[in-house]
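Below is one structure, written out as structure tokens, with a few remarks after it.
Here the structure is a predicted model, which means the values were calculated and not measured. Below, each value reflects all heavy atoms present in this structure, side chains not excepted, and no hydrogens, waters or symmetry copies.
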Amino acid sequence: MKNREKNGKGKSKKNGSKDESLVSTEMASIPETISFVFNCGFGNKVLFAIGSFAALLNGLVGPMLAVLFSVALARGSNINFEDVAFDDIQRVCQGLLLVGVWAFVMTFIQTVCFEIVAFRASQSLNLQWFAALLRQDAAFFDIYDVPGIATQVQPTCYQYRRGMGSKFGEGIQYATTVVGGVGFAFVASWKISVLVLAILPVCIGCGVYAIHLSQTKTSRANESYQKAGAIAYKTISSIKTILAFNAVPQMVLEYRKATKEASKVATKFLFQYGAVTGLLIASYTAMFVAVSVYGSHLLYTDIERYGCDPTAGMFTEEACGTTGASILGAFLGFLFAAEGISQVATFVEALAEARVAAFTALQAIKRKKGAPPQIFYHNDEWKKKAQKDGGVSDTESETVTTNRQQQQQPPRNRWNSSEDEDEEVSLEFRGTLGSNIDCAQLLCCRRSDDSTVGRTGSNEVGRILTGPLDGKGVKAILPRFEIDASELEGGQQPSEVRGEISFQNVHFNYPRRPADQALRDFSIDIKAGSTIAFVGPSGSGKSTIVSLIERFYDPSSGVVKLDGINLRDLNVCYLRSLIGYVGQEPILFATTIRENIGYGNPNATTEMIVEAAKQANAHDFIESFPEGYDTKVGDQGSQLSGGQKQRIAIARALVSNNRSILLLDEATSALDSESELIVQEAIDNVLAQKRLTTVIIAHRLSTIRNADVIAVVVDGGIVETGTHDQLMAKQNSYYRKLIEKQELKPKRTQSSSICASVDEVDEGTHTTDTDKNTDDLECYTCLSRLDAPQTHEMRTTSTLSRTDVEVVYYPKFVPDADIPHVKFENVCFSYPSRKSKRIFNGFNLSIKCGETVALVGPSGGGKSTTAALMERFYDPTRGVLEYMGYDVRWLNLQWYRDQIGLVSQEPNLLNDTIAKNIAFGLRHATKEMIIEAAKQANAHNFIQSFPDGYLTMVGNKGSQLSGGQKQRIAIARALLKKPKLLILDEATSALDSESEAIVQAALDRLMASREHTTIVIAHRLSTIRNADRIAYIADGKVQEIGSHNVLMEIPHGRYLRLVESQKRNSTMLSLGALGVIDSHSTRLSSPPSSDSSTSGSTSEACEEELVSIGTTFFNSRRVWREATKDVAYIVAGSLGSIVSGAIYPAWGIMFAQTIDLLFQRVLDCSSDDEVPVEGFGSCQEYWTSEAERMKTQSIQVGTSWGLIVVASFAGAISSKVGFGTAAERLNKNIRDTTFISLCRLEPAFFDGNSVGRLMSVLQDDTTKLYAFAGEPLRMFWIGMSSVAIGVALAFIFVWPVALLSLACIPVMGYALSLRMGKVTGVDRSRREREDLGSPAGILVETLLNIRTVAAMGLEARKFEEFRRSLLATAANNKWESIKTSISHGLAYLLQHWVDALLLFFAGWLLHAYPTKFTFLEMLNSNFALYFSLFGLGIALKEVADRDELKLATSRVFYLQDRSSLLDPMSLSGTKLD
């Protein structure tokens, strides 16, 4: 990218994400950075100009003060000698009052202008960035870390605002001060100026290096704490998965390791940082030494030579060529300039942050339509090779160096670092796929055909993939930007659309897998108004077809057309407005049900929303909620069951009347059979009325039998097409095999449907040899008709080769009927977040050891609740749940969960490799165990098809995998555990028929072994027909229970209706055919109404738990106890801080001594006969004596300054190391304790508190406790010791001035605290809550669900919501800016006016009591106090943050003290081993 500068290397990671991050240390140019200021309108430019001019004038205050103070001290030194001097002091005081007013006015104008300018500019940046992100294509979000971007935008905009706000004005102000101060210094005394200029670079260098060290320490510690934060986020967001696999100790160890690393990094630089800080203070002190020694040298040399008066106080006396006033003026000029330089350095740092922020935003903002492709390599070596061998140039590619550095020619799959092991794993993991594909490969794998890899529409990308390197080293490819959904104009927008879709020779590669083709020479025509269904194995490319129709991506080659028009030529926004989409994993927004459905049609009325809900069979369960359609669904629909979410998503797609195309990607996958039947009928009715072109992706083949065309997709290509009848008529039809697998009679086991399962079974199982040359088509037809006897005494399983079938019979297991494995006895239960909604009401169920029990019933009826109770995520409200005859509440929780393996309906994968996800919860899992578990789950082959094999990153929540692939990895994870109780909660719901059959075969073998008790929750009844018993759950109770045959014999039984509804062709149904479904059964999708009068709390009320506690749990003594565990460091830090604090009043004393030295009055001696002082024989003798006295005094003063240099160095090191180490240890301990406490809480707590809020406590609030042992405490001790010593010295020298100063201390302290807040740049905006309705909340929710937003064309609507929310925050900004500006201006006004008051009072005392107080005593008293007040301002600044500190501490201690109802780390309880 042009016009950019670098500050560091490469790109950093965000929150531990393995995706690319937009966080960068590269900086935008200054014009680019300021451009956001200038594109906010002419008014903003005017404000910027006015603010800049005011800052320029405000910068002159420093030189003005240098002039006034030098004059005041010159006049004050003679006040005992002439009365006119007091009049001069009064005029100086009047000057200070005017300077105060000047500073107030200029500061107010400067601050208010830049605050308003920065706020508008940051809003402009916010809006432009969000708009740019909304217009990006799906490939952009595939490449970059979406959660990282989502959580990065707001903080980055705040960072920009800080750099372009008052800090920018201060940069102009203090730059003027530097120039003016140096200019005045040279005018006053060029000799002193030259000397100070020689020292100044040392000061500046130390300051710059101190800032660099601070940034390095902070960035490295932050990076380490980000690792800890990533672990915490992974744990909290997946808490039930963590608990189910007893992985809390593992996550705690990982977290503590990360915090230990962060603490080590943070303390590593403390000594160095303390030394540099001490050296910085020492270098400033060295300027005093230079002025004292060299300045006095100039004076006593002139005195000895010419007998001049250095004070130039008497008009009758001859002044020296270099006077005390000129030396002091030069010094004060540089003193103010030095202060200005330090503040300019702060401004430069803030501006650099703003430039980094602008660059980060501009990466997305500048990526507009036509932007060239970007190639991401694994490391720089691959990039260089590509460039050398004819790849892309620097401007066409980006290099991303991953943590796992690749070798020159790395093996495709690597497990360990050993080359031998790599080769072995590579051979074991990957088989060769040639032109003749065997059955197992065709059924289970996505082929990697080298002949087609590299087809792309981009010549640049093509050169990489087909060049000399053959695409090696390429990590990802971001294609040319051609899909811009923000364009409302441009592109064709036909007035009439028929809906005819055609794919012509389409090839496609996903950006993150450029060498793995998802579609290969894919061609098909879809007639207008027809319904086409795509079926096939998971990962075969079915969902990719939908993505291309939605134009989330463009084909690498080939073309997709709508009504004969290339989709590339259509307006993207217009295209997506024609399409209704229901995805495999429904995404709901954190608002009401009404608004979620209304998102499908901006003009939807209440009647339309209700009708759509009825069509989707959602109306009844919605109405059962207390708030009905105004019920909040929670973050991503967390308050609803999977089926309920899916039906709302379907209603959202049906509510629009303007659709021409309907895409249903597993739209009914989460529904029970009865709901599916009704929803499918509704969809069919809509299709019949509107004649929509409908594309269905389905694994449940019963839902697509009436489709006009059914296309079977395997390995990215079409293998056969036809109607249901046509395909069923073909003997060797692939589709027919799928149908037969789903409709096997109970006497036929699932495993008998798999030709290729020879690769998926245990080595110990007997199989027959097969003919390796069997034709592929014969392989398809090898499905055996297994007519094994169906008896109650035998259980059947089979193991098949490609030609033969061997049936293995197991004798019936007879468990002890008196001791059931699991028993529910009169269980009543309501979720804590909705206590008024009773799920179970007298629930009874007994499950025998080794038995397989299937749970069926309507969605939302409580089936998954049984799994949650068995996992002890919750305990029954009433009643008992027993395990092996023991109340589960009496069993050790860790041991109990070790007995259970859980595969949930929505698999939760961690952002790590496939291998680590499978091994999760079993730390000692070997490579062989992982591979075997993957094979059992039918995952091994598709894993091997990935370039990185088992080391493939699954992405955030498994985003880089298909639904079926995620589910199979989750199943492998559960199988690896070899549990005694296996809970399968819709474990095969996302699998295609082939995969389901193979996985089911593995599960059947586990069930048949009788080593596991299995509870199966399923909507697909074909998967549970062989269960020992099937329980139908409804109305909070078991309504029917028995074997499949027994339940099928119950007239009009509920299970019977389920089976019939799955057999029935839904498109042939009419409303009259639904007579068997009574009105009661259609309402079973929602929990039954509670018969309790208890109102219960809602989820929203629970979420306020951490907010409502206020400061109740604040306990400062407790924190001090924690901090004082490292008492040695605290003592060392305190002693160092006291020494550092004493330096400020010591500076004051020595500054007074220096002034006294420079203003030694030499009386006029015109002749040797009139020597003004007795004891001297001549004027020369008098002059020599005065010169020697000044020389001796200068040595004493210089030595004293040298001692301060040593003390400042030692004090800085001791205080930094002491308090820094104590703070980091406290920080680590608090974080660790809080995280452990959080992990120990019951899942109900996480139901009611958002991940963001808990992460805020863990990451932000714990950091605030740093104040009890870190930098705030250090500065507090420095400030307090400084003031105490300063006040004591003031009383010793001139007690009246001390009394007045004490009276002024509150005012001065307040003024200095305001100024310190201004200097440190307190960012109030960072404290804004990131609730779902806030700008940050809307932004995060939108970007995390960007695919759904894009599919529904919600970009404009979400942008408008964001804009309105952003503008709402601007309502009070003007008044906030005015208040801030007044406080900043008031700080200067009060400071200068108090200075004037103290100077006037001191002058009056010297004038009124010339014999009682001397000039030196007055200087000592005033400057000891004046310098000590700098420390006071710092101390009061820390006190100002006490309220926020108390709130943060209270929240942390609340989490630490909150007792857990279900402690996963508890050692109590019985173990039955």
To the closest 0.5 Å, what do you measure between [atom1] ([X]) and [atom2] ([Y])?
{"X": "R889", "Y": "L1462", "atom1": "CZ", "atom2": "CG", "answer": "10.0 Å"}
{"X": "I1015", "Y": "E851", "atom1": "CD1", "atom2": "CD", "answer": "9.0 Å"}
{"X": "I847", "Y": "K823", "atom1": "CD1", "atom2": "NZ", "answer": "12.0 Å"}
{"X": "L243", "Y": "M251", "atom1": "CG", "atom2": "CE", "answer": "11.0 Å"}
{"X": "Q899", "Y": "L891", "atom1": "CD", "atom2": "CG", "answer": "9.0 Å"}
{"X": "T1014", "Y": "I1024", "atom1": "OG1", "atom2": "CD1", "answer": "13.0 Å"}

Any sub-3.5 Å donor-acceptor pair from [X]'s side-chain atoms to [Y]'s backbone N or O?
{"X": "N1345", "Y": "F589", "value": "no"}
{"X": "N844", "Y": "G842", "value": "yes"}
{"X": "R878", "Y": "N826", "value": "no"}
{"X": "S1460", "Y": "R1240", "value": "yes"}
{"X": "D985", "Y": "V903", "value": "no"}
{"X": "T866", "Y": "K863", "value": "yes"}

Heavy-atom pair of closest approach, residues [X] and [Y]:
{"X": "K848", "Y": "R1029", "value": "N-NH2, 4.4 Å"}
{"X": "A934", "Y": "I943", "value": "CB-CD1, 4.2 Å"}
{"X": "I1033", "Y": "P858", "value": "O-CD, 3.6 Å"}
{"X": "Y255", "Y": "A232", "value": "CE1-CB, 4.0 Å"}
{"X": "T877", "Y": "S830", "value": "OG1-N, 3.5 Å"}
{"X": "D898", "Y": "K977", "value": "O-CE, 3.8 Å"}

I want to check something: taking the side chain as every heavy atom from C-beta on, are [X] and [Y] in contact at a cut-off of under 4.5 Å?
{"X": "R647", "Y": "F621", "value": "yes"}
{"X": "P1464", "Y": "R897", "value": "yes"}
{"X": "I969", "Y": "I914", "value": "yes"}
{"X": "E871", "Y": "I900", "value": "yes"}
{"X": "E882", "Y": "V822", "value": "no"}
{"X": "M884", "Y": "C849", "value": "yes"}
{"X": "T865", "Y": "F843", "value": "no"}
{"X": "V1016", "Y": "L855", "value": "no"}

Pairing residues for [X] by the side-chain hydrogen bond (donor to acceptor under 3.5 Å, both in side chains) criterion, not counting sequence neighbours:
{"X": "Y886", "result": "none"}
{"X": "R256", "result": "none"}
{"X": "T1234", "result": "Q1456"}
{"X": "S238", "result": "N908"}

Next on the checklist: Applying side-chain contact (heavy atoms from CB on, under 4.5 Å) to L869 and V827, what does each step give before you reach the verdict?
Outcome noted: CA-CA 10 Å; L869 290 176; V827 168; 4.2 Å; yes
Checklist entry - Would you call K1037 and D1035 a salt bridge, taking side-chain N to carboxylate O under 4.0 Å as the test? => result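 Answer for the salt bridge query: no.
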Checklist entry - Does the distance from a Lys or Arg side-chain N to an Asp or Glu carboxylate O, for R1458 and E1242, drop under 4.0 Å? => result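 Salt bridge between R1458 and E1242, a charged N being under 4.0 Å from a carboxylate O: yes.
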Next on the checklist: Using side-chain contact (heavy atoms from CB on, under 4.5 Å), reason through R872 and L893 one step at a time and then give a plain yes or no.
Outcome noted: CA-CA 8 Å; R872 281 205 76 194; L893 188 55; 3.8 Å; yes
Item to check | Residues V1257, Y1454; criterion side-chain contact (heavy atoms from CB on, under 4.5 Å); working and verdict | outcome: CA-CA 10 Å; V1257 175; Y1454 171 76; over 6 Å; no
Next on the checklist: side-chain contact (heavy atoms from CB on, under 4.5 Å), that's the test. Do T235 and L1238 meet it? Break it down for me.
Outcome noted: CA-CA 10 Å; T235 302; L1238 197 56; over 6 Å; no
Item to check | All pairs passing ring-ring contact (aromatic ring centres under 6.0 Å, His included) where residues 957-985 contributes a residue, at least two apart | outcome: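 Pairs touching residues 957-985 that pass the test: none.
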Item to check | Pair D912-N917, side-chain donor/acceptor within less than 3.5 Å | outcome: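 Short answer, no.
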Checklist entry - Got a sec, which residues hit side-chain contact (heavy atoms from CB on, under 4.5 Å) with K240, two or more places apart in sequence or on another chain? => result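 For K240 the side-chain contact (heavy atoms from CB on, under 4.5 Å) partners, ignoring immediate neighbours, are F873, Y874, P1243, D1247.
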Checklist entry - What orientation do W895 and Y883 show, parallel under 30°, tilted 30 to 60°, or perpendicular over 60°? => result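 Aromatic pair W895/Y883 classed perpendicular.
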Checklist entry - Angle class for the Y831/F829 ring planes (parallel below 30°, perpendicular above 60°, tilted otherwise)? => result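 If you compare the ring of Y831 with that of F829, the planes turn out perpendicular.
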